[in-house]
Amino acid sequence: MEIHGICAVSRLGAAPRIPASRTGSGSGNKEERNLLPVRVRFAPSPTGPFHIGGARSALFNWLYARRYGGVFIVRIEDTDLERSSRESEENILAALRWLGLDWDEGVEVGGPNGPYRQTERLELYQRCAEQLLRQKDAYRCYCTEAELAAEREALLARGALSGYSGRCRDLSPEDCARLEAEGRKPAIRFRVPDQDAIVVRDLVRGEVSFDCSDIGDFIILKSDGIPTYNFAVVVDDHSMSVSHVIRAEEHLSNTPRQILLFNALGWETPQFAHVSLILGKDRSKMSKRHGATAIEQYQEKGYLPEALVNFLALLGWSTGGEEEVFSLDELIQQFSLERVSKSPAIFDLDKLNWLNGHYIRQAPIEYITDLSIPFLEKAGYLTTPLAPERYEWLKEVVALVRKYLVCLEDLKDHVGIYFSEKVEILEDEAGEALAGSHVPALFAALERLVRDCPALSADAAKALLKAAGKEAGVKGKQIFIPVRAALTGSIEGPDLDKIMAILGKEKVAGRLAGALARDSS
RNA sequence: GGCCCCAUGGUCAAGUGGUCUAAGACACCGCCCUUUCACGGCGGUAACCCGGGUUCGAAUCCCGGUGGGGUCACCA
């Protein structure tokens with residue numbers, strides 16, 4: 001297996017070791033660093049469906065890359081062998097593409113720093129771990145999970161929950177040999193230095209300081225040779241020359257460990273930006289019980305990617321202006337890390353719904369019609385391929401009902417009357433409207449007029465309605481309500497003349513006759 | 001519990017010491033448009049967590065409290 005990016009590691013020897021006394025996340029001030037080419041990454045672990053929060057992290061990274069002409073990398077953090085799967089990796093990538101977030105380097109597209117799946121870069125981590133071992137910045141730990149669990153429990157009982165006892169910190173080669181003879185497989189632990197404070201310079205949070213004594217020696221390479229998250233990110237972010245690490249706030253407390261690793265390996269740290277979390281209605285971290293959390297679910301319900309992107313961008317970021325609706329291009333123009341909010345945001349489904357409806361109403365009708373087709377198929381209203389006239393007709397249907405939609409899945413509740421043969425009386429009021437004494441005369445007149453009409457356009461329908469009313473001696477609501485009831489089974493809905501035009505002569509006349517027959521029986 | 005982060009209407013948020021009797025959006029309420037519903041338009045209700053400082057002056061700065069969240073794994 002060939003691993004690119006080894007060059008980055010080979011610089012190791014030459015790079016000056018950053019003294020342990022140094023605090024801070026690396027050299028160079030902000031302005032200086034900003035001149036560096038922007039290289040950001042989205043690094044999901046493929047352990048389940050693509051979460052809303054992950055999507056926002058991906059979006060922010062992508063926007064940042066596009067805003068500054070940088071490179072957006074997608075790397076797969078699949079070191080959790082138990083939970084990772086190709087299936088969810090593909091899921092995530094598909095969702096990324098659906099949202100319109102394309103990547104320049106990474107899994108599937110390749111690039112100079114690949115491979116982009118961590119399980120395919122094991123050799124690299126191995127080598128870096130050995131380096132640390134040689135420098136005495138890491139050591140082999142022979143404790144078993146059971147021993148560690150017991151130790152943790154004891155620690156917890158004393159109320160001091162933190163870290164590792166350091167039992168294997170200073171094992172002699174002989175100790176190691178003996179333990180290995182027992183059949184124990186060592187994990188590799190990082191030796192956290194005696195350093196007072198380590199400060200994270202964060203682009204959204206400012207300087208955040210952590211005390212080293214609060215950080216216990218942590219494992220960087222598991223006993224099976226797989227790296228641990230904190231180790232793999234550092235090695236990869238360096239070897240992929242990542243300039244800015246933009247990720248969720250839950251990683252903030254991991255950052256000092258990572259900085260320690262960067263320092264020990266003699267590497268410069270990237271810039272960090274920790275974006276606050278997305279919370280559910282009850283203010284706790286967004287999870288399944290708060291409703292749909294997977295991007296996939298929104299896609300299935302018929303949310304538009306542009307609405308979701310727009311919504312996600314506004315969660316934790318704002319322009320400062322009054323506008324709320326932004327295309328991807330407009331977001332790129334305006335995005336900046338400086339305007340990312342520090343406080344967590346609650347996922348507001350109402351606003352997403354409004355935005356989605358807004359996009360459904362505003363987008364070109366062909367676009368919405370095309371997106372609607374799979375939903376109509378699924379509801380059993382349509383089979384593809386569509387004849388051209390049928391498509392034109394469908395466009396009119398969609399144009400008529402889209403103002404009622406929150407998402408495309410709602411279509412099925414509004415289009416039944418245009419597809420089905422029979423009308424179902426849905427409301428009591430509709431039945432009552434049909435029972436009016438003037439109704440038979442009105443319907444008879446209208447049915448005749450409709451049948452005699454050469455082409456039932458909306459304009460023609462309007463005129464016919466008026467004429468029929470005149471013949472029956474009624475007007476206004478007395479015309480519209482019963483006709484609407486007969487044609488749609490409901491007393492509310494889109495403009496009646498347009499409904500009639502879409503339904504066509506046959507259906508209109510037939511339904512009128514049907515209502516009459518039903519009424520007299 | 002230790003450590004860390006956060007705190008403007010129900011929600012998203014603008015606001016970076018005076019122009020704040022605090023913007024905008026969603027939701028809610030009302031009016032208008034309309035044959036109905038919806039869309040749309042117009043208007044309205046509603047907020048600086050508490051307590052101390054600093055200052056001529058604080059939503060804005062500092063300290064403390066409270067509340068919420070995150071994190072403490074051979075998970076990421």
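Naming: A, B, ... by sequence-line order, numbering from 1 per chain.
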Exercise for the section: Could you tell me whether the phosphate oxygens of U71(B), OP1 or OP2, come under 4.0 Å of any side-chain nitrogen or oxygen in K285(A)? Expected result: yes
Exercise for the section: Determine the Euclidean distance between corresponding P atoms of G15(B) and C31(B); express it in Å to zero decimal places. Expected result: 36 Å
Exercise for the section: Provide, to the nearest angstrom, the distance between the CG atom belonging to D497(A) and the P atom belonging to U36(B). Expected result: 13 Å
Practice task
Would you please classify the geometry between the H414(A) ring and the Y404(A) ring as parallel, tilted or perpendicular, with 30° and 60° separating the classes?
Solution key: parallel
Practice task
Please work out if P494(A) contacts a base, only the sugar-phosphate, or nothing of the nucleic acid, heavy-atom cut-off 4.0 Å.
Solution key: base
Practice task
Determine the interatomic distance between P on C20(B) and the same-named atom on G1(B); round to the nearest Å.
Solution key: 43 Å
Exercise for the section: Starting from the C-alpha separation in whole Å, work towards a yes-or-no answer on side-chain hydrogen bond (donor to acceptor under 3.5 Å, both in side chains) for N254(A) and Y229(A). Expected result: CA-CA 10 Å; N254(A) 277 319; Y229(A) 163 75; 5.0 Å; no
Practice task
Using the C1' atom as the reference point in each nucleotide, state the distance between C72(B) and A76(B) in Å, no decimals.
Solution key: 14 Å
Handout entry: Complementary nucleotide for U34(B) - Watson-Crick or wobble, under 3.5 Å
Key = none
Exercise for the section: Please tell me which of the listed nucleotides, U35(B), G69(B), C74(B), lies nearest to the side chain of L496(A)? Expected result: U35(B)
Practice task
Assign H274(A) to base, sugar-phosphate, or nothing according to its heavy-atom contacts below 4.0 angstrom with the strands shown.
Solution key: nothing
Practice task
Check whether any side-chain nitrogen or oxygen of K222(A) sits under 4.0 Å from OP1 or OP2 of C75(B), and answer yes or no.
Solution key: yes
Exercise for the section: Determine: side-chain N/O of R257(A) to OP1/OP2 of U71(B), distance under 4.0 Å, yes or no. Expected result: no
Fill in the blank from the handout: E429(A) CD to U35(B) C1', in whole Å, measures 16 Å
Problem - Rounded distance in Å - CD1 (I219(A)) to C1' (C74(B)) - result: 4 Å
Handout entry: Pairing residues for A95(A) by the side chain to side chain contact (heavy atoms under 4.5 Å, CB included) criterion, not counting sequence neighbours
Key = F50(A), I295(A)
Practice task
Using a heavy-atom cut-off of under 4.0 Å over every strand shown, decide if G320(A) touches base, sugar-phosphate, or nothing.
Solution key: sugar-phosphate
Practice task
Can you tell me the pairing partner of U66(B) across any strand shown, Watson-Crick or G-U wobble, with both distances under 3.5 angstrom?
Solution key: A7(B)
Exercise for the section: Provide the Watson-Crick or G-U wobble partner of C12(B), both distances under 3.5 Å; none if there is no partner. Expected result: G24(B)
Exercise for the section: Identify the nucleotide, in any strand shown, that forms a Watson-Crick or G-U wobble pair with U71(B), with both distances under 3.5 Å; if there is none, say none. Expected result: G2(B)
Handout entry: Interatomic spacing from CE in M500(A) to SG in C453(A) - rounded to 0.5 Å
Key = 8.5 Å
Practice task
Answer with yes or no after comparing the ring centroid distance for F60(A) and F42(A) against a 6.0 Å cut-off, counting only values under it.
Solution key: no
Problem - Counterpart residues, salt bridge (Lys or Arg N to Asp or Glu O under 4.0 Å), relative to D236(A) (two or more places apart) - result: R75(A), R121(A)
Exercise for the section: For W354(A) and C26(B), say yes or no: do the ring centres fall under 5.5 Å of each other while the ring planes differ by less than 30°? Expected result: no
Practice task
Apply side-chain hydrogen bond (donor to acceptor under 3.5 Å, both in side chains) to S457(A) and D459(A), showing your working.
Solution key: CA-CA 5 Å; S457(A) 66; D459(A) 283 344; 5.3 Å; no
Exercise for the section: Classify the nucleic acid contact of E322(A) as base, sugar-phosphate or nothing, counting any heavy atom under 4.0 Å across all strands shown. Expected result: sugar-phosphate
Completion exercise
Between CD1 of I481(A) and P of C37(B) the distance, given in whole Å, is 9 Å
Problem - Pairwise P distance for C62(B) and A22(B), with rounding to whole Å - result: 25 Å
Practice task
Starting from C1' on C74(B), measure out to CG on L122(A) and report it in whole angstrom.
Solution key: 14 Å
Handout entry: Nearest-Å distance once atom C1' is located in both U8(B) and A59(B)
Key = 7 Å
Handout entry: Distance, nearest 0.5 Å, that separates NZ of K462(A) from CG of D495(A)
Key = 7.0 Å
Exercise for the section: Let me know the distance between CG of N254(A) and P of A76(B), rounded to the nearest Å. Expected result: 10 Å
Handout entry: Closest to the L277(A) side chain, choosing from A76(B), C3(B), G69(B)
Key = G69(B)
Exercise for the section: Would you indicate what T319(A) reaches in the nucleic acid, counting non-hydrogen atoms under 4.0 angstrom: base, sugar-phosphate, or nothing? Expected result: nothing
Practice task
Go ahead and name the base partner of C61(B); Watson-Crick or wobble counts if both distances stay under 3.5 Å, otherwise write none.
Solution key: G53(B)
Problem - Separation of the P atoms in C29(B) and C39(B), to the nearest angstrom - result: 12 Å
Exercise for the section: Determine the Euclidean distance between corresponding P atoms of A14(B) and G68(B); express it in Å to zero decimal places. Expected result: 24 Å
Problem - Residue D214(A), side-chain atoms from C-beta onward, closest of C39(B), C3(B), U71(B) - result: C3(B)
Exercise for the section: Can you tell me the distance, in whole Å, between the CZ atom of F326(A) and the P atom of G24(B)? Expected result: 16 Å
Exercise for the section: Mark up nucleotides 5-13 of chain B, 5' to 3', with B wherever a protein heavy atom is under 4.0 angstrom from a base atom, S wherever such an atom reaches only the sugar-phosphate, and - elsewhere. Expected result: SSS---BBS
Completion exercise
Output for pair (T255(A) OG1, H274(A) NE2), nearest 0.5 Å, gives 3.0 Å
Handout entry: Opposite nucleotide pairing with A76(B), Watson-Crick or G-U, both atom distances under 3.5 Å
Key = none
Problem - D211(A) and S213(A) side chains, donor-acceptor separation under 3.5 Å - result: yes
Practice task
Give N353(A) one of three labels, base, sugar-phosphate or nothing, depending on what nucleic acid heavy atoms sit under 4.0 Å from its own.
Solution key: nothing
Fill in the blank from the handout: Scanning all shown strands, the Watson-Crick or wobble mate of C39(B) with both distances under 3.5 Å is none
Problem - Inter-nucleotide C1' distance (C75(B), G70(B)), Å rounded - result: 16 Å
Problem - Base-pairing mate for U19(B) - Watson-Crick or G-U, with both contacts under 3.5 Å - result: none
Handout entry: Polar contact flag, side-chain donor to acceptor under 3.5 angstrom, N356(A)-Y298(A)
Key = no
Practice task
For D495(A), answer base if it contacts any base atom (sugar-phosphate contacts may also be present), sugar-phosphate if it contacts only those atoms, and nothing otherwise; contact means non-hydrogen atoms under 4.0 Å.
Solution key: base
Handout entry: Euclidean distance, atom CD1 of residue I278(A) to atom C1' of G68(B) [Å, nearest integer]
Key = 17 Å
Practice task
Report the residue (H358(A) or D224(A)) whose heavy-atom-nearest nucleotide on RNA chain B is the more 5′ of the two.
Solution key: H358(A)
Exercise for the section: Please work out if R83(A) contacts a base, only the sugar-phosphate, or nothing of the nucleic acid, heavy-atom cut-off 4.0 Å. Expected result: base
Handout entry: Touch class at under 4.0 angstrom, heavy-atom based, for L465(A) against every strand present
Key = nothing
Practice task
Give a yes/no on whether any side-chain N or O of R484(A) is located under 4.0 angstrom from OP1 or OP2 of U35(B).
Solution key: no
Exercise for the section: Indicate, with a heavy-atom threshold strictly under 4.0 Å, whether C141(A) touches base, sugar-phosphate, or nothing. Expected result: nothing
